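Small disclaimer: the values here were computed from a predicted structure and weren't measured. Both counts, for ligands and for their atoms, begin at 1 and track the order of listing. Start at 1 with the first residue, then count along the sequence.
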Amino acid sequence: MGINFKNSQNNDQYRLSIQAYCRPFKQPLHTHHGVWRDRQGIWIQLCPIDEEESNDRGWGEIAPLPGFGSESVTEALQFCQSFGGQITDEQIRSIPDRFPACQFGFESALIDLHNWEAPPNLTQVCGLLPTGKAALDLQLPIWNQGYQTLKWKIAVAEISQELNDFQDLLSMLPDGIKVRLDANGGLTETQAHQWLQACADRPVEFLEQPLGISEFEAMLALSQEYPTPLALDESIATWQQFLNCYHAGWPGVMVVKPAILGFPSRLIEFCQADRVDMVLSSVFETAIARKMLLRLAATLNLQRALGLGTDCWFED
Ligand SMILES: O=C(O)CCC(=O)c1ccccc1C(=O)O
Ligand SMILES: [Mg+2]
C-alpha cells in the first residue's frame, strides 16, 4: 500500500485550525529521563480554501519530545499560530528542521487530505510493560493480549535489583515471547557489559540505547562484542543524527520515532533508497498521528514489531 503525495509543485492554500490537547496517562511512565504523567500536543486541521463547501479535511498531529531534541509544545504552538489561520503547500514544505514535530504534523495533514483509504491495522505490535517490578504483578498478564514482543525500561532502579527482576520477568514469559530492553541512555559502560552478559542466550530481541548519545563509538564496540543486537533511539532522534549514525555504519537496529523525525516523505524516500533495520516507535501520540504511523508502517514494509504498544497507557 502506497501513500499518495499530492503533486509537490502545487501551491494551494488551506484554512488552518489548531487545537492543543493534554492527555493524562493511566499510570505515570518511569524512564531514565524521569517520570512522565501526560502527553501534551497539538491537533491541526487543514481545509482547502477553494473547496470549503466540500467536506475535505486533513488531520495532523504535533507531538513534540523536547528531551529527544525536538521543539517544545509551546514553541510548536507559537509556530502554528504565526500563520494566522492560513497556510500554503509552499509554507509547509519550508518548515525548518528546528520544528521536526511540526514538519511531521503538517505533512501528515496534507497526506490525510489526499489519502482516503484507512490504513491497515497491523498486528505485529510490541507491548510496553510498566517499569520495574510493576511488570511482574500485572493483573491481567500482558502476554495474554497477543503480543510476541514486550518492551521493558531499565536504568531506572539499582542495577542488581533490575537484573534480578529481569530474571523473574523472563521466567514468567511463555515460550516464543521476546523482550526489548530500553535503557534510555542511562547505563555506564560497565553496566552495559553486565546487561549484555545477562542477555546472552536469553530471549532478548535487542538492548536499546544503552549509553548516552555522545558514546556512539563505545556502543559500536559493544555491538561487536556481544550477540544481542543493540538499537539506537535517542542517538537518532533528529534527522541529522539519524543520517550521521547511518553513514557512520551503525550495524544494529534503528528505533525511528517518525513524529519527531520531520517530514514523513523524507523518511520514505530515504528508506526506498537505503536498507534500514528499523523499528517504528511511538512518542505516546494520539490516534491522529497513529494513523500516519500505520500508513508509514504499511508503506515501509517493516520486519520488526511496531513500537506502538502505548495505546493502553491512556483512558479511552
Ligand atoms: O518504542 C516503543 O515500543 C514504545 C515507545 C517508547 O518506548 C518511548 C515512548 C516515548 C518516548 C520515548 C520512548 C523510548 O523508546 O525511549
Ligand atoms: Mg527508547
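The contact set between ligand 1 and W36, taken as ligand atoms under 4.0 Å from a residue heavy atom, comprises 10 (C), 11 (C). Which parts of ligand 1 touch F284 is read off a 4.0 Å heavy-atom cut-off, strictly below it: atoms 9 (C), 10 (C). Residue D182 has at least one heavy-atom neighbour below 4.0 Å for each of these atoms of ligand 1: 14 (C), 15 (O), 16 (O). Heavy-atom proximity to F68, at under 4.0 Å, picks out these atoms of ligand 1: 12 (C), 16 (O). Atoms of ligand 1 found under 4.0 Å from any heavy atom of V283 (numbered from 1 in listed order, with element): 10 (C). The ligand atoms of ligand 1 that sit less than 4.0 angstrom from a heavy atom of S281 are 1 (O), 2 (C), 5 (C). Heavy-atom contacts of E208 reach the following atoms of ligand 1: 15 (O) (cutoff under 4.0 Å). Of all atoms in ligand 1, listed by their number and element, those nearer than 4.0 Å to a heavy atom of G307 are 1 (O), 2 (C), 3 (O), 4 (C).
For F263 and F104, the distance between ring centers is not under 6.0 angstrom.
Remark: K151 pairs with D182, E208 by the salt bridge (Lys or Arg N to Asp or Glu O under 4.0 Å) rule, at least two apart or across chains.
The protein heavy atom nearest to atom 7 (O) of ligand 1 is K151 NZ, 2.8 Å. The protein heavy atom nearest to atom 16 (O) of ligand 1 is N184 ND2, 2.7 Å. Protein heavy atom nearest atom 9 (C) of ligand 1, with residue, atom name and distance: S282 O, 3.4 Å. If you check which protein heavy atom lies closest to atom 8 (C) of ligand 1, you get K257 NZ, 3.4 Å.
Looking at E234, K153, Q209, E285 and measuring to atom 14 (C) of ligand 1, the nearest heavy atom belongs to K153.
Looking at T310 next to ligand 1, no N or O pair under 3.5 Å apart turns up.
A cation-pi arrangement is found for R23 relative to F314, the charged atom lying closer than 6.0 Å to the ring centre and inside a 45° cone about the ring normal.
F270 and I268 end up in the same hydrophobic cluster when Ile, Leu, Val, Met, Phe, Trp and Tyr side chains are linked at under 4.5 Å.
Within the sub-2.8 Å shell of the Mg ion (ligand 2), the protein contributes these N/O/S atoms: D182 OD2, E208 OE2, D233 OD2.
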